[in-house]
Amino acid sequence: MHNKLIYVGLSGGVDSAVSALLLKQQGYQVRGIHLRLWEPETEPGSEDVIKAARVAEQLQIPFEVMDWREKFRSEVVETYIQVLGRGQTPNPCIHCNQTIKWGALWEQVHASGADYLASGHYARLLAGQQGVELHKAINLAKDQSYFLAMLTRQTFRHMLLPLGGFAKPQVRAIAAEAGLEVASRKDSEDLCFLKGLDQEGFLRRYAPHLLQPGPILDGSGNLLGEHRGLPLYTIGQRKGICVAAEAPLYVMAKDLAANALRVGRADELAHSKILAGRPNWISGKAPDLGKIYQVKIRAAALPASASLQILASGDIIASLEKPLRDITAGQYLAVYDGDCCLGSAAIIEPR
RNA sequence: AGGGGCAUGGUGCAACGGCAGCACACCGGACUUUGAAUCCGUUGAUCCUGGUUCGAAUCCAAGUGCCCCUG
């Protein structure tokens with residue numbers, strides 16, 4: 001009845017399947033598209049492709065598969081490895097959303113006549129006074145707006161997120177009621193391209209040159225042990241240091257020049273300012289500089305109150321009301337006004 | 001090769017002659033569409049030999065190893 005053509009990215013999981021189902025029920029003309037993004041040579045036919053195809057079959061919607069493994073490798077995986085090589089902690093899901101899912105994929109389906117591209121992300125797009133706004137999901141525990149915060153309003157205009165108002169159990173119930181076989185499929189975890197490997201195994205295989213052992217030092221420069229390669233550690237990390245001390249040790253910093261890992265106590269991790277790169281403001285305009293907003297420094301972080309200032313360079317500084325730990329270069333500082341996500345910027349360093 | 005001290009899981013420390021515990025580390029699980037954090041849990045030890053004792057990590061003796069002081 002709408003006559004609108006919508007493509008839904010079908011991952012093979014329950015979320016995207018229910019997204020397609022809901023849109024179909026709303027009367028849209030729905031087509032499923034699955035991206036093959038990563039399959040190691042040894043992996044036989046991907047289970048995800050089969051599951052996605054089955055979803056489309058059950059929903060009786062057209063379905064196609066795009067083999068974008070090379071594109072994914074050059075756009076997302078290469079960036080991931082490069083950022084690790086710079087001593088930072090990449091967020092490949094954000095990069096994938098920018099370049100693949102809402103970049104190249106949109107262009108592709110748009111060229112095929114699509115009016116919208118939908119996904120199973122848990123976030124909401126609401127009509128605001130100045131246009132579409134990105135809001136957190138109703139179910140805050142599942143909210144994924146952080147991963148979408150580097151996208152532009154231009155993109156949000158043709159994006160549909162049918163699950164933003166649902167809780168996960170509801171989604172599974174809807175899938176079960178519709179008889180979808182993926183209803184009970186477990187949620188995906190970890191990076192999609194790790195596929196059973198842990199990060200160390202992945203890097204040993206695809207970027208072994210990054211795994212150079214080096215010294216673990218405390219704040220005074222004392223040698224405490226040996227690390228297995230700086231990319232395996234991120235700021236605030238506790239596990240994997242393999243050094244027994246009076247109190248737990250955490251990664252404070254990575255010294256690329258010396259290939260050294262600096263560790264310290266939890267209370268030494270706190271900082272009250274964050275320098276982040278030129279931000280992406282979804283509305284196109286910078287927020288109110290005098291106001292207190294909420295910021296998140298990682299997807300699963302609790303929001304923290306902060307005010308913003310904009311430097312001449314265009315970079316921003318967030319001044320936190322209470323110090324935060326684990327402020328990590330390569331991750332993103334997402335800014336919220338209540339439930340509304342104003343935008344995001346790549347974290348450069350704590351101040 | 002003078003005197004003193006120490007020896008307990010991987011590391012650092014507890015335990016009156018009476019069930020060997022704690023912290024850190026490791027490993028596992030929960031959580032999680034980034035990396036983490038966090039929470040829960042499991043392994044795992046009395047240097048060696050002999051003696052005293054109903055009973056020894058604990059007391060005694062020798063051995064071995066380490067540390068400190070004095071030549």
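Convention: sequence-line order gives letters A, B, ...; per-chain numbering from 1. Note that the structure is a prediction, hence the values are computed from the model and not measured.
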Distance check needed: [N] [atom2] versus [X] [atom1], whole Å only.
X	N	atom1	atom2	answer
Leu84(A)	rG35(B)	CG	C1'	9 Å
Gln237(A)	rU38(B)	CD	P	11 Å
Lys168(A)	rU32(B)	NZ	C1'	12 Å
Leu211(A)	rG35(B)	CG	P	16 Å
Asp198(A)	rG35(B)	CG	C1'	13 Å
Leu261(A)	rG35(B)	CG	C1'	14 Å
Lys296(A)	rU32(B)	NZ	P	13 Å
His121(A)	rU34(B)	NE2	P	11 Å

Which value, in whole Å, describes the distance between the [atom1] atoms of nucleotides [N] and [M]?
N	M	atom1	answer
rG41(B)	rA25(B)	C1'	16 Å
rU8(B)	rC67(B)	P	14 Å
rU11(B)	rC26(B)	P	15 Å
rC40(B)	rC16(B)	P	29 Å
rG63(B)	rG50(B)	P	16 Å
rG18(B)	rG55(B)	P	14 Å
rC59(B)	rG17(B)	P	7 Å
rC39(B)	rA23(B)	P	12 Å

Who are the side-chain contact (heavy atoms from CB on, under 4.5 Å) partners of [X], not counting sequence neighbours?
X	value
Ser220(A)	Asp218(A), Asn222(A)
Lys291(A)	Asp288(A), Tyr293(A), Asp337(A)
Lys239(A)	none

For His95(A), answer base if it contacts any base atom (sugar-phosphate contacts may also be present), sugar-phosphate if it contacts only those atoms, and nothing otherwise; contact means non-hydrogen atoms under 4.0 Å.
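Counting heavy atoms under 4.0 Å across all strands, no contact is made by His95(A).
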So what does the secondary structure string of RNA chain B come out as, 5' to 3', with Watson-Crick or wobble pairs under 3.5 angstrom, [ ] for crossing and | for pairs with another strand?
.((((((..((((....[..))))..((((.......)))).....(.(((..]....))).)))))))..
Is it the case that over 12 heavy atoms from other parts of the model lie below 6.0 angstrom from the CG atom of Leu302(A)?
no
Is the number of heavy atoms from other residues, nucleotides or ligands under 6.0 Å of Arg157(A) CZ greater than 12?
yes
Could you work out, with ring-ring contact (aromatic ring centres under 6.0 Å, His included) as the rule, every residue matching His110(A), not counting sequence neighbours?
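Counting only residues at least two positions away or on another chain, His110(A) forms a ring-ring contact (aromatic ring centres under 6.0 Å, His included) with Trp106(A).
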Partner of His227(A) under side-chain contact (heavy atoms from CB on, under 4.5 Å), chosen from Asn259(A), Val263(A), Val243(A)
Asn259(A)
Exercise: identify the closest heavy-atom pair between [X] and [Y]:
X	Y	result
Gly120(A)	Leu163(A)	O-CD1, 3.4 Å
Pro231(A)	Leu84(A)	O-CD2, 3.8 Å
Ile61(A)	Lys24(A)	CG2-CD, 3.9 Å

Let me spell it out: for each of Gly236(A) and Ala299(A), pick the nucleotide of RNA chain B with the closest heavy atom. Which residue's pick is nearer the 5' end?
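Checking each residue's closest nucleotide, the 5'-ward one belongs to Ala299(A).
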Residues that, via side-chain heavy atoms closer than 4.5 angstrom, fall in one hydrophobic cluster with Ile317(A)
Leu275(A), Leu311(A), Ile348(A)
Sequence neighbours left out, what pairs pass salt bridge (charged side-chain N to carboxylate O under 4.0 Å, His left out) with at least one residue falling in residues 92-115 of chain A?
none
Can you list every salt bridge (charged side-chain N to carboxylate O under 4.0 Å, His left out) pair that touches residues 67-91 of chain A, not counting sequence neighbours?
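Sorted result for residues 67-91 of chain A: Asp67(A)-Arg69(A).
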Which donor-acceptor pairs under 3.5 Å do the side chains of residues 125-141 of chain A make with protein atoms, sequence neighbours left out?
residue	atom	partner	partner atom	Å
Glu133(A)	OE1	His135(A)	NE2	2.8
Asn139(A)	OD1	Ala141(A)	N	3.4

Determine whether the aromatic ring centres of residues Tyr206(A) and Trp38(A) are separated by less than 6.0 angstrom.
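Between Tyr206(A) and Trp38(A), which both carry aromatic rings, the centre distance is below 6.0 Å.
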Can you pull out the residues from residues 139-149 of chain A that lie within a 4.0 Å heavy-atom distance of RNA chain B?
Lys142(A), Gln144(A), Phe147(A)
Counting only non-hydrogen atoms, which of residues 318-336 of chain A are less than 4.0 Å from RNA chain B?
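Heavy-atom cutoff 4.0 Å gives Arg325(A), Thr328(A), Gln331(A).
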Listed nucleotide nearest any side-chain atom of Tyr250(A), set rG35(B), rU33(B), rU38(B):
rU38(B)
What is the per-nucleotide protein-contact pattern of nucleotides 21-29 of chain B, from the 5' end, where B denotes a base atom under 4.0 Å from a protein heavy atom, S denotes such proximity for sugar-phosphate atoms only, and - denotes neither?
--SBSSB--
